*Asks:* 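My structure is below; once you've seen it, I'll send some questions.
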Amino acid sequence: MIKKSLFPAAGYGTRFLPATKAIPKEMLPVVDKPLIQYGVEEAIEAGINTMAIVTGRGKRAIEDHFDISYELEHQIKGTSKEHLLEDIRKLMNSCTFTYTRQKEMKGLGHAVLSGEVLIGNEPFAVVLADDLCEGDGKGVLKQMVELYKKYRCSIVAVMEVEKDSIHKYGVIDAKELEKDVFVVSNMVEKPKAKEAPSNLAIIGRYILTPDIFDILRDTKPGAGGEIQLTDALKTQAQKGMVLAYKFKGKRFDCGSVDGYVKAINYFYDKTKK
Ligand code: G1P
């Protein structure tokens, strides 16, 4: 039912300079896998088979990562290292990758709209790869796809965050519909702490119905002068229905050095268990 996932991956990753001068931030490794691969694995687990990646200049390493490297395969064939490529080979065989380029950086809303050509007129998931999620039992996207089957409307993943970091997020105002599921009445992108309508912040997992594209086309630049997905979702919530879902699991903010180091430590410790 949800068959495609959009990965906005055109940003510059300035917080990680100089590491991201020549490699995309989505390719930064967490232990032995690049960030974006975790997102793709989460999407596959949710039953999604098309990864629609919105890239930009200097992002070719992402395409190469999800392609066969004949030279490398030839070199390691029959050696003790061959198994190291097994997982990524399996992953490549279980889904299709499509790409388009976002030519100008005009915000997340603009990135999603740039992906319309890859999505078409069907509901789809959005994964922000620098939010690295580990679901509790089931992946976060899988939890959201199940919820979508019940309600058939756009859904944003949310979590409670401390007041002193609420200004970094899209924040919702909402009423609880069932346990951990809320009907959104308002959303604000990057509010000041005292103006935040709640402590429920949007994290980088969305299910969107395709009418979002028309709304995005009419959405004016908002916070930071960028076209914000949050603003388009607010319009969608006020015209129809948008749900927020307090997911079960963990999320690491790998868009910041602190969160990235926490993720590495967490996933490294897991390999030792
Ligand atoms: C984006 C969204 C924001 C959301 C955040 C989650 O912001 O615009 O609503 O809360 O991702 O990571 P960014 O972190 O790209 O500034």
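From a predicted model like this one, the values you see are computed outputs, not experimental measurements. Start at 1 and go down the list; that is how both ligands and their atoms are numbered.
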*Asks:* Any non-hydrogen protein atom below 4.0 Å of atom 11 (O) of ligand 1?
*Replies:*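 So far as the 4.0 Å threshold goes, atom 11 (O) of ligand 1 is in reach of a protein heavy atom.
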*Asks:* Which atoms of ligand 1 are found less than 4.0 Å from any heavy atom of T230?
*Replies:*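 Near T230, meaning under 4.0 Å from one of its heavy atoms, ligand 1 has 9 (O).
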*Asks:* Can you check atom 15 (O) of ligand 1: any protein non-hydrogen atom closer than 4.0 Å?
*Replies:*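 False for atom 15 (O) of ligand 1.
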*Asks:* Can you tell me if NZ on K250 sees more than 12 non-hydrogen neighbours from other groups inside 6.0 Å?
*Replies:*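 Open: at most 12 neighbouring heavy atoms sit under 6.0 Å from NZ of K250.
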*Asks:* Is the ring pair F252/Y266 parallel, tilted or perpendicular, if the boundaries are 30 and 60 degrees?
*Replies:*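 Aromatic pair F252/Y266 classed tilted.
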*Asks:* Are any of the N or O atoms of D131 closer than 3.5 Å to those of ligand 1?
*Replies:*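 The answer is yes, given that D131 and ligand 1 share an N or O pair closer than 3.5 Å.
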*Asks:* For atom 3 (C) of ligand 1, state which one of E226, E189, M187 supplies the nearest heavy atom.
*Replies:*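 Considering heavy atoms of E226, E189, M187, the nearest to atom 3 (C) of ligand 1 sits in E189.
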*Asks:* Which ligand 1 atoms, with their elements, are less than 4.0 angstrom from a heavy-atom of R251?
*Replies:*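 Here the atoms of ligand 1 in question are 12 (O).
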*Asks:* Please determine if K246 and E160 form a salt bridge, counting it only when a charged side-chain N lies under 4.0 Å from a carboxylate O.
*Replies:*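 The answer is yes: the pair qualifies as a salt bridge.
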*Asks:* Between the side chains of E45 and K138, is the shortest nitrogen-to-carboxylate-oxygen separation below 4.0 Å, so that they form an ion pair?
*Replies:*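 The answer is no: the pair does not qualify as a salt bridge.
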*Asks:* Any salt bridge linking D214 with R217? Criterion: basic side-chain nitrogen under 4.0 Å from a carboxylate oxygen.
*Replies:*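 Yes, this pair counts.
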*Asks:* Using distance alone, decide if ligand 1 has a nitrogen or oxygen within less than 3.5 Å of any nitrogen or oxygen in L128.
*Replies:*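 N/O-N/O distance below 3.5 Å does not exist for this pair.
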*Asks:* Which residue holds the protein heavy atom closest to atom 7 (O) of ligand 1, what is that atom called, and what is the gap in Å?
*Replies:*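 Ranking protein heavy atoms by distance from atom 7 (O) of ligand 1, first comes K190 NZ, 3.3 Å.
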*Asks:* Answer yes when E42 and K142 have at least one side-chain N-carboxylate O distance shorter than 4.0 Å, and no when they do not.
*Replies:*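 No salt bridge links E42 with K142.
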*Asks:* Can you check whether G204 has an N/O within less than 3.5 Å of an N/O in ligand 1?
*Replies:*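 Between G204 and ligand 1, no N or O pair is found under 3.5 Å apart.
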*Asks:* Is any NZ, NE, NH1 or NH2 atom of the basic residue among K234 and E189 found under 4.0 Å from an Asp or Glu carboxylate oxygen of the other?
*Replies:*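 Result for this pair is no, no salt bridge flagged.
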*Asks:* In the protein, what heavy atom is nearest to atom 5 (C) of ligand 1, and what distance, to one decimal place, separates them?
*Replies:*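 Result: I202 O, 4.0 Å.
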